[in-house]
Amino acid sequence: MRSNRLVGLGNSVVEEFESALAAGQGVEHAVAVSSGTAAVHLALHALDVGPGDEVIVPAHTFIGSASPVTYLGARPVFADVTPDTHCLDPDSVKSLLTGRTKAIVAVHINGCAADMKALSAVGAAAGVPVIEDMAQALGTGIGGRPVGGFGDLACVSLFEQKVITSGGEGGAVLTNNPAYAERVRRLRSHGEGPIEGRPGLIWAHEVGYNYRLTSVQAAVGLAQHARLGAMVEARRRNAARLSERLVGVDGLELPVEPEGTVHAFWKYVVRVVPAAGRPPAAEIAATLRSRGVPVLLRYPFPLHKQPAFAEHQGVSLPVAERLSQELLALPSHPGLAKGHLDHVADEVRRAVSA
């Protein structure tokens with residue numbers, strides 16, 4: 001605040017935050033932007049997604065993974081997810097590829113790693129770049145590496161509820177491709193950049209956006225990033241406590257951690273298996289809320305069933321549709337003590353077995 005440089009190109013605090021993000025995720029470049037949705041928008045724009053193009057997106061995710069596709073005049077094509085990880089299904093993606101497919105958005109949902117080996121192979125075979133939407137997955141890893149460097153670009157969210165925040169809103173685009181990084185940096189600030197041969201002067205090389213992150217937000221992000229490891233460790237510890245208390249509950253499927261990955265557990269999501277005499281997930285959620293446990297259905301409306309994407313409502317994606325009626329997100333954030341977690345587990349056990 002004392003520097004009186006709160007926004008602007010070459011801001012040292014923003015650059016320090018970008019360096020910390022890049023180093024933490026093991027990539028060459030991080031470009032800080034104003035939100036996770038802005039990050040997806042800029043990543044797609046950097047790939048020249050536009051009218052007539054298609055972008056494959058999972059149906060089981062937040063709308064911010066898909067709406068930027070429409071900003072650019074392209075068409076989102078919704079794919080199904082796997083029943084265990086709830087992440088993008090490589091086989092579903094393969095079946096939806098066409099000559100118009102310009103990108104694939106792979107979401108590491110809830111902090112669980114998507115199958116990037118399979119998804120990257122599908123993309124590479126078709127010549128289609130893959131964007132990692134890691135809005136929910138700072139702290140997630142695959143094979144000893146943090147997510148963010150497996151796709152062509154990756155998108156971070158720093159919204160107030162995410163693993164870390166930059167003061168309420170914020171995001172970043174990660175990449176190992178210097179051309180993509182340069183394009184995203186230009187696009188986030190009205191498309192402006194230096195004029196070759198005329199030092200100190202800039203002009204708009206193309207039409208861009210006002211998607212800058214402020215230095216105040218970056219300072220908060222730096223402080224939060226320094227605590228990322230501890231916060232993820234707390235989430236994982238809380239998830240383990242819930243699993244320990246909920247294992248063996250009839251009709252309840254606990255979250256999985258695919259072999260060779262590290263789950264950040266941004267959300268601890270369980271599946272209520274439908275059965276005669278067992279309350280449905282929505283009824284269980286209502287019962288738990290009435291008992292003071294803040295439980296919500298997890299993505300109860302798949303994207304292809306929502307009014308914003310009405311043209312897709314005839315599409316059948318059975319796994320995403322089934323999960324929308326069966327998943328519960330339980331409290332597991334780092335601020336919870338063992339007593340809180342035990343209370344949550346006891347109430348869930350009681351409600352599911354009612």
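- Although no hydrogens or angles enter the test, the distance criterion places a donor-acceptor pair under 3.5 Å between the side chain of T140 and the main chain of G111.
- Atom NZ of K305 is surrounded by more than 12 heavy atoms from other residues, nucleotides or ligands within 6.0 Å.
- A donor-acceptor contact under 3.5 angstrom links the side chains of T82 and D84, judged on distance only.
- Distance CZ/F265 to CG/L242: 9.5 Å, rounded to 0.5 Å.
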(request) Begin with the C-alpha distance, continue with both residues' side-chain angles, and end with the deciding distance and a verdict on side chain to side chain contact (heavy atoms under 4.5 Å, CB included) for Y180 and V173. (result) CA-CA 9 Å; Y180 290 156; V173 178; over 6 Å; no
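- Rounded to the nearest 0.5 angstrom, L21 CG and L174 CG are separated by 6.5 Å.
- Annotation for L252 and V348: closest pair CD2-CG1, 3.9 Å, computed over non-hydrogen atoms.
- With S243 contributing its side chain and A240 its backbone, the two residues share no donor-acceptor pair below 3.5 Å.
- Of the inter-residue distances, the one linking E16 atom CD with S215 atom OG reads 11.5 Å to the nearest 0.5 angstrom.
- Linking ILVMFWY side-chain heavy atoms closer than 4.5 Å, directly or via other members, places L297 and I63 in two distinct hydrophobic clusters.
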(message) Using the rule given for side chain to side chain contact (heavy atoms under 4.5 Å, CB included), can you reason through V273 versus E326, listing the C-alpha separation, both sets of side-chain angles and the distance that settles it, and then say yes or no?
(response) CA-CA 7 Å; V273 181; E326 299 173 354; over 6 Å; no
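- For the atom pair CG of N177 and CD of E182, the computed distance is 10.5 Å after rounding to the nearest 0.5 Å.
- Closest approach of P302 to S324, counting heavy atoms only: CD-CB, 3.7 Å.
- Remark: the backbone N or O of A59 is not paired with any side-chain donor or acceptor of D80 at under 3.5 angstrom.
- Side-chain contact between M116 and H108: present, with at least one pair of heavy atoms (C-beta onward) separated by less than 4.5 Å.
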(message) Run the side chain to side chain contact (heavy atoms under 4.5 Å, CB included) test on I142 and F150 for me, step by step, so that the C-alpha distance in whole Å, both residues' side-chain angles and the decisive distance to 0.1 Å come before the verdict.
(response) CA-CA 9 Å; I142 302 173; F150 293 91; 3.6 Å; yes
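- Side-chain polar atoms of T214 and Q217 form a donor-acceptor pair below 3.5 angstrom.
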(message) For V107 and L88: C-alpha separation, side-chain torsions, deciding distance, then whether side chain to side chain contact (heavy atoms under 4.5 Å, CB included) applies.
(response) CA-CA 7 Å; V107 183; L88 189 62; over 6 Å; no
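- At least one donor-acceptor pair under 3.5 Å links the side chain of R289 to the backbone N or O of V295.
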Listed pairs under 3.5 Å, donor-acceptor, residues 38-45 side chains, sequence neighbours left out:
unit_1	atom_1	unit_2	atom_2	d
H41	ND1	Y211	OH	2.9
H41	NE2	Y209	OH	3.2
H45	ND1	Y209	OH	2.8

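- In summary, R145 and E132 do not engage in a salt bridge, as defined by a charged side-chain N under 4.0 Å from a carboxylate O.
- Heavy-atom minimum distance, P83 versus R322: CB-NH2, 3.7 Å.
- Within a 6.0 Å sphere centred on CD of E253, heavy atoms belonging to other residues, nucleotides or ligands number more than 12.
- Pairing each heavy atom of H263 with each of N110, the nearest pair is CE1-O, 3.2 Å.
- Under a hydrophobic-cluster definition in which Ile, Leu, Val, Met, Phe, Trp and Tyr are linked whenever side-chain heavy atoms come within less than 4.5 Å, directly or via other members, L72 and V33 are assigned to the same cluster.
- Side chain of Q224 to backbone of T165: a donor-acceptor contact under 3.5 angstrom is found.
- Put simply, the residue from L246, V344, L341 that forms a side chain to side chain contact (heavy atoms under 4.5 Å, CB included) with R241 is L341.
- In this structure, the side chain of T261 does not engage the main chain of E257 through any donor-acceptor pair within 3.5 Å.
- Residues passing the salt bridge (Lys or Arg N to Asp or Glu O under 4.0 Å) test with R245, sequence neighbours excluded: D342, D346.
- A distance of 5.5 Å separates CG of L303 from CD of Q306, quoted to the nearest 0.5 Å.
- Residues V55 and P76 have side chains not in contact (no heavy-atom distance under 4.5 Å, counting atoms from C-beta outward).
- Contact record, V27 with G148: CG1-O, 3.6 Å, taken as the closest heavy-atom pair.
- Across all their heavy atoms, R271 and L327 have their closest contact at CB-CD2, 3.7 Å.
- Using a 4.5 Å cut-off on side-chain heavy atoms (C-beta onward), C112 and P258 make contact.
- Residues Q136 and V163 form no side-chain contact, since every pair of their non-hydrogen atoms from C-beta on lies 4.5 Å or further apart.
- Tested against I164 for a side chain to side chain contact (heavy atoms under 4.5 Å, CB included), the candidates V232, L228, V156, V220 yield a single pass: L228.
- Rounding to the nearest 0.5 angstrom, the gap separating the CG atom in D48 from the CZ atom in R183 is 4.5 Å.
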(request) Run the numbers on E321 and H304 for side chain to side chain donor-acceptor pair (under 3.5 Å), then give the verdict. (result) CA-CA 9 Å; E321 291 163 21; H304 67 297; 2.8 Å; yes
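- Within the 3.5 Å criterion, the main-chain N or O of R235 finds no donor-acceptor partner in the side chain of W266.
- Put simply, V130 and V147 are part of the same group of oily side chains (I, L, V, M, F, W, Y) that touch within less than 4.5 Å, one to the next.
- Each of L119 and V49 belongs to its own hydrophobic cluster when Ile, Leu, Val, Met, Phe, Trp and Tyr are linked at side-chain heavy-atom distances under 4.5 angstrom.
- Proximity of a side-chain donor or acceptor of H205 to a complementary backbone N or O of G191 within less than 3.5 Å is not detected.
- L6 places a side-chain heavy atom less than 4.5 Å from the side chain of M1.
- Under the 3.5 Å distance criterion, the side-chain polar atoms of S166 are left unmatched by any main-chain donor or acceptor of G171.
- No donor-acceptor pair under 3.5 Å is formed between the side chain of H190 and the backbone N or O of E192.
- Within 6.0 Å of CZ on R291 lie more than 12 heavy atoms contributed by other residues, nucleotides or ligands.
- C155 places a side-chain heavy atom less than 4.5 Å from the side chain of I131.
- Salt bridge present: E347 and R350 bring a charged side-chain N and a carboxylate O closer than 4.0 Å.
- When hydrophobic clusters are built by joining Ile, Leu, Val, Met, Phe, Trp and Tyr residues whose side-chain heavy atoms come closer than 4.5 Å, directly or via intermediates, I104 is grouped together with L96.
- Sorted by first and then second residue, the salt bridge (Lys or Arg N to Asp or Glu O under 4.0 Å) pairs involving residues 49-59 (not counting sequence neighbours) are D53-K102, E54-R75, E54-R100.
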